[in-house]
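To keep things clear, I will list the structure first and then write my remarks on it.
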Amino acid sequence: MRVGVIGGGQLARMMIPAAIELGVELRVLAEAEGMSAALAADRVGDYTDVETVLAFGRDVDVVTFDHEHVPQHVLRALVDAGVPVHPGPDALRFAQDKLLMRERLSELGLPVPDWARVETVAELDDFIADHGGEAVVKTPRGGYDGKGVRVVRSGAEAAEWFAVGDGGGGALLVEELVDFRRELAQLVARRPSGEIVAWPVVETVQVGGVCSEVIAPAPRSPGRLADVAADVAITIAEGLGVTGVLAVELFETTDDRVLVNELAMRPHNSGHWTMDGSTTSQFEQHLRAVLDLPLGGTGCHERWSVMVNVLGGPVSDALTDRYPEALVGHPTVKLHNYGKAPRPGRKVGHVTATGDDLDEVAYEARAAAAVFQD
Ligand code: ADP
């Protein structure tokens, strides 16, 4: 069995050990030399080029992704050539375009923030006026880690984004500024033949638009909240025909509603804890799902798992230079190093601690991550 992954970042890298354990051959089409997944990258090429992607697809049993940026016409060329693609283009377009996603989730009757498609500064001003004088504006395509998301109090503050015309014809997504208590994420996996499994809902903590920490399961979530989150994600996976891992980012509002923020149709930062905290890691599950194999259990080894991202700090030492200091004090913490140059603010690794006492587990994970970031 041979799985081809388009994109050579850390998500593809973390599929490598899972593929080895399953005895699955992994091929990676990386966008540049020396990327995080270089160990499995047998090809470097442009994922927007049909010929490059078709040649890659012909050598594997299924094509999947570590990002959502492969253009629709390239995905369709693969499908037309008879290459299984998971998630397929019909599902993936909803993760590529936030306006399409909002439209479809509203059609499915799922809870989303109040939103509108706006094409002019005047339309944006109207929405802001109707929503208490502020709103969140988003570019429909290409945003990540909070880039392409802006809180505004007047349409003029997003004027230059209308001009960009980023493939969305200059239209922007505008949403109510949600008064949320915290952010959650629900991870599920679905096979092409329909089987679907859910991990426990988790709490995610964002700093400056970037995920910094994940607590699994989300504190105070068992019961109604866990059921609602799982139901929402399962409805989305089935309604959109998602195959592979689906991450649904959620807001828990101060008046106890759960609203869908974002979708990712691939392993996701909110699921990294599963590598050390769950029976089946999201990377193994993604491979099983895209190969249409029976899915693995989603239970937790211990009561709590806390994952903390390691970002490049002001000092540009390789993470390995810090090992003697970082590893000695934290023998129970698991480190995952993405092998990337630690530029400031860049996600270069993560650590996970597990155990019975949430305060201790969180302290351990934060302390270990901090040693890499001074
Ligand atoms: P990205 O695609 O860059 O991750 P998101 O749409 O997930 O962008 O938004 C990034 C962050 O901005 C969210 O995690 C959340 O903290 C904040 N945010 C996004 N939409 C809203 C909203 N409607 N109300 C309040 N905060 C929001």
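Note that ligands are numbered from 1 as they come in the structure, with each ligand's atoms numbered from 1 the same way.
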Heavy-atom contacts with [X] under 4.0 Å: which atoms of ligand 1 show up? List them by number with element.
X      : answer
Glu183 : 13 (C), 14 (O), 15 (C), 16 (O)
Glu176 : 22 (C), 23 (N), 24 (N)
Glu249 : 7 (O)

- Message: Quiz question: by atom type and distance under 3.5 Å, do the side chains of Asp276 and His336 form a donor-acceptor pair?
- Response: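 Per modelled atom types, Asp276 and His336 side chains form a pair under 3.5 Å.
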
- Indicate whether atom 17 (C) of ligand 1 is within a distance of less than 4.0 angstrom of some protein heavy atom.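 There is no protein heavy atom less than 4.0 Å from atom 17 (C) of ligand 1.
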
- Query: Looking at atom 11 (C) of ligand 1, would you say a protein heavy atom lies below 4.0 Å from it?
  - Reply: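 No, there is none.
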
- Identity of the nearest option to atom 8 (O) of ligand 1, non-hydrogen atoms only, from Lys147, Lys98, Met101, Glu175: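 Closest candidate by heavy-atom distance is Lys98.
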
- Heavy-atom distance to atom 5 (P) of ligand 1: which of Asn261, Asn269, Val137 wins?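 Considering heavy atoms of Asn261, Asn269, Val137, the nearest to atom 5 (P) of ligand 1 sits in Asn261.
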
- Query: Does some side-chain heavy atom of Val242 sit less than 4.5 Å from a side-chain heavy atom of Val188?
  - Reply: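 No - every pair of side-chain heavy atoms lies 4.5 Å or more apart.
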
- Would a 4.5 Å heavy-atom cut-off, applied to side chains only, mark Asn337 and Tyr323 as touching?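 Answer yes - side chains close enough.
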
Residues [X], [Y]: salt bridge by 4.0 Å N-O rule:
X      : Y      : value
Glu213 : Arg366 : yes
Arg266 : Glu68  : yes
Arg76  : Asp90  : yes

Tell me which part of [X] gets within contact of ligand 1: side chain, backbone, both or neither, using heavy atoms under 4.0 Å.
X      : value
Val151 : neither
Leu177 : both
Val178 : both

- Task: Write out the residue and atom name of the closest protein heavy atom to atom 2 (O) of ligand 1, then the distance separating them to 0.1 Å.
- Result: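 Checked against all protein heavy atoms, atom 2 (O) of ligand 1 sits closest to Glu262 OE2, 2.8 Å.
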
- May I ask whether Trp115 has any heavy atom positioned less than 4.0 angstrom from an atom of ligand 1?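 No; Trp115 lies far enough from ligand 1 that no heavy-atom distance drops under 4.0 Å.
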
- Do Tyr338 and Met14 pass the side chain to side chain contact (heavy atoms under 4.5 Å, CB included) test, and can you show the C-alpha distance, the side-chain angles, and the key distance before you say yes or no? CA-CA 8 Å; Tyr338 306 156; Met14 288 185 271; 3.5 Å; yes

Please tabulate, for the side chains in residues 52-61, all donor-acceptor contacts under 3.5 angstrom to protein atoms that are two or more places apart in sequence or on a different chain.
| residue | atom | partner | partner atom | Å |
| --- | --- | --- | --- | --- |
| Thr52 | OG1 | Asp49 | OD2 | 2.6 |
| Asp59 | OD2 | Arg43 | NH2 | 2.7 |
| Asp61 | OD2 | Arg2 | N | 2.7 |

